[in-house]
Amino acid sequence: MTIDAAPKPATRASSLPAQPRAFSGIQPSGVTHLGNDLGAIRNYVALQNRGAAEGFETIYCIVDYHALTSVHDPDRLRRQTLEMAASLIALGLDPDKCMLFVQSHRPEVTELCWLLNTVTPVGWLQRTPTYKEKRQTQPEDVNHGLLTYPVLQAADIVIYKASLVPIGKDQAPHLELSREIVRAFNARYGETFPEPHAVYTEAPVVLGTDGVRKMSKSVGNTIDILAEPDVIRKQIMSMVTDTQRILRSDPGRPEVCNVCQMHRHFGDDYEEIWDGERTARTGCVDTKKLLAQRIIDHYAPAREAYRELIADPVRLHRILDEGAERIRPIAEATMAEVRERMGLR
Ligand code: TYM
């Protein structure tokens, strides 16, 4: 686990929490892929366990308000929200150790988003890489939510005064913007929010099966870790490896082969596997088959847990409702303070 800069301890005069607090959000995108797990969810779980041992809070949120910038089918949104809750719990989030909730169940965050909008120059938002990307990928639907998306993300984090934010590298520009917004707010209204810091895993950028772009559902290059083994096998067998290795007898270059890179995270013998590739002792197909089997085996318990959880929506709703209730006091306290500071009460 790498924290990009150590958070500053709270000064006595400020209203910052004495303990660090961790927060992260994830879209209800319908599939939990390897990029989500290696890049972020592993750290959600690690921080949750550290928080439970060291006495700090960890808060995880399924960001359905954010999803509305691209998903416009209510039934799909509801279904995918529950699927994401089941996935996160199956992958190790424990509602007794962390607080897991759905963003829209604590609607105070939309009020805070509006308030933060008033300290955020439009130029910062127009320069955000994801906004520019969405303008290209959904040109028929460049809604205002896409522009203000990072402000809502900042509100998510700061309403809980979180200073540790486990994310993948693709979220770094958003987090940087959150920090700018915090500085702008604190400069205008006094020290209110801590600056959030990214927490990265050993795999902050996971490439997709094409070996070129970040693994992402919207690109369609995912490895769906909780899917049936046959689906996973097919996805992994379709992976692009070292494009210069044409013949089975050609030596491979593990440092540029995405399959070899993924072996780093599934077993401690990756150097041996890399050696087999370099010497052409093994071919790409062998290395892919081995990776597929390891990923299938690694996620077998989570796959089983997911099946049980998704079959019990009443239990999932209860967990999510309880999560939203447990964080209510933190959200309400921050909002009371912010309204006071801004002259609204
Ligand atoms: P989202 O739903 O796209 O992704 C969830 C988490 O998974 C990480 N991730 C990856 N990491 C490495 N390699 C990949 N290929 C990969 N794909 C996804 C993401 O970096 C992320 O950590 N805007 C956010 C959700 C959000 C949020 C927040 C995050 C809303 N509010 C507040 C942190 C704090 C998003 O769309 O993540």
Side-chain angles (χ1 to χ4, degrees), residues 1-2 4 21-45 47 58-71 80-81 83-85 87-88 91 93 101-104 106 109-110 112-113 116 128-131 133-134 137 145-146 148-179 181-182 193 196-225 258 261-262 265:
M1 188 184 297
T2 330
D4 71 345
R21 197 177 273 147
F23 176 94
S24 201
I26 189 163
Q27 294 231 21
S29 55
V31 286
T32 321
H33 56 71
L34 190 62
N36 294 137
D37 188 44
L38 294 184
I41 298 172
R42 283 189 175 191
N43 264 353
Y44 297 0
V45 177
L47 277 167
T58 47
I59 305 173
Y60 300 112
C61 175
I62 301 167
V63 295
D64 55 350
Y65 282 143
H66 278 109
L68 285 172
T69 57
S70 302
V71 178
Q80 293 187 174
T81 300
E83 285 171 357
M84 183 50 76
S87 306
L88 291 172
L91 287 165
L93 286 193
F101 75 109
V102 177
Q103 190 180 33
S104 64
R106 282 268 59 86
V109 76
T110 56
L112 184 57
C113 177
L116 296 181
T128 311
T130 39
Y131 176 63
E133 196 185 298
K134 287 283 182 179
T137 54
L146 289 175
T148 205
Y149 183 112
V151 187
L152 181 58
Q153 182 155 341
D156 281 334
I157 300 168
V158 304
I159 199 167
Y160 304 107
K161 301 201 175 189
S163 50
L164 299 175
V165 186
I167 44 171
K169 260 277 152 63
D170 61 306
Q171 294 297 314
H174 283 164
L175 196 75
E176 195 43 48
L177 202 59
S178 295
R179 291 155 63 89
I181 293 171
V182 163
F193 301 121
H197 297 265
V199 184
Y200 295 118
T201 67
E202 308 288 294
V205 182
V206 177
L207 298 182
T209 49
D210 53 4
V212 184
R213 282 172 296 178
K214 174 194 89 154
M215 187 176 289
S216 153
K217 191 195 173 193
S218 54
V219 178
N221 61 358
T222 56
I223 297 172
D224 304 344
I225 48 182
N258 196 22
Q261 290 302 318
M262 283 183 183
H265 309 290

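Both backbone and side-chain heavy atoms feed into the values below; hydrogens, waters and symmetry mates do not. Each ligand, and each atom within it, is numbered from 1 in the order the structure gives.
- Regarding atom 10 (C) of ligand 1, its nearest protein heavy-atom neighbour is G35 O, 3.4 Å.
- Residue-level proximity to ligand 1 for S29 is absent, since no heavy atom of it falls below 4.0 angstrom.
- Ranked by closest heavy atom to atom 27 (C) of ligand 1, the top entry among M215, K217, Q153, Q103 is Q153.
- The closest donor-acceptor contact from the side chain of N221 to the backbone of D210 lies at 3.5 Å or more, if one exists at all.
- Geometrically, ligand 1 and P166 share no nitrogen or oxygen pair separated by less than 3.5 Å.
- In this structure, the side chain of Q80 engages the main chain of P28 through a donor-acceptor pair within 3.5 Å.
- When heavy-atom distances to ligand 1 are checked against a 4.0 Å cut-off, D156 comes that close only through its side chain, counted from C-beta outward.
- Of the inter-residue distances, the one linking D156 atom CG with H66 atom NE2 reads 5.5 Å to the nearest 0.5 angstrom.
- Neither the backbone nor the side chain of L152 comes within 4.0 Å of ligand 1, counting heavy atoms alone.
- V158 is listed as a side-chain neighbour of L116, based on a closest heavy-atom distance under 4.5 Å.
- Those atoms of ligand 1 that come under 4.0 Å of a heavy atom in Y149, given as number and element, are 23 (N), 24 (C), 35 (C), 36 (O).
- Of all protein heavy atoms, the one lying nearest to atom 18 (C) of ligand 1 is N36 ND2, 3.4 Å.
- In summary, the atoms of ligand 1 found under 4.0 Å from a heavy atom of I157, numbered by their order in the structure, are 32 (C), 34 (C).
- The OG1 atom of T130 sits 9.0 Å away from atom CG of D170, with the distance rounded to the nearest 0.5 Å.
- In this model, a donor atom of one side chain and an acceptor atom of the other lie less than 3.5 Å apart for S218 and S216.
- Atom 15 (N) of ligand 1 has its closest protein heavy atom at V206 O, 2.8 Å.
- Taking every heavy atom of K214 and a limit of under 4.0 angstrom, the matching atoms of ligand 1 come to 14 (C), 15 (N).
- Closest to atom 25 (C) of ligand 1 among all protein heavy atoms lies G25 O, 3.4 Å.
- Taking atom 12 (C) of ligand 1 as the reference point, the nearest protein heavy-atom neighbour is P204 O, 3.2 Å.
- Every atom of ligand 1 is numbered from 1 in the order shown, and the set under 4.0 Å from a heavy atom of G39 is 11 (N), 12 (C).
- Although no hydrogens or angles enter the test, the distance criterion places no donor-acceptor pair under 3.5 Å between the side chain of R179 and the main chain of H197.
- Counting only heavy atoms of the protein, atom 6 (C) of ligand 1 lies nearest to A40 CB, 3.7 Å.
- Annotation: atom 5 (C) of ligand 1 to nearest protein heavy atom, I26 CG1, 3.4 Å.
- The closest approach between H33 and ligand 1 falls below 4.0 Å for a heavy atom of the residue.
- Taking every non-hydrogen atom of Q27 and a distance limit under 4.0 Å, the qualifying atoms of ligand 1 come out as 2 (O), 35 (C), 36 (O).
- Closest protein heavy atom to atom 35 (C) of ligand 1: Q171 NE2, 3.4 Å.
- Side chain of T69 to backbone of G145: no donor-acceptor contact under 3.5 angstrom is found.
- Put simply, the side chain of Y160 never gets that close to the backbone of R21: no donor and acceptor are under 3.5 Å apart.
- Near V165, the atoms of ligand 1 lying under 4.0 angstrom from a non-hydrogen atom of the residue are 33 (C), 34 (C).
- Using modelled atom types, one side-chain atom of N258 and one backbone atom of G208 make a donor-acceptor pair closer than 3.5 Å.
- Of the N and O atoms on the side chains of N43 and T201, not one donor lies less than 3.5 Å from an acceptor on the other residue.
- Under a 3.5 Å cut-off, the side chain of R213 and the backbone N or O of V219 do not form any donor-acceptor pair.
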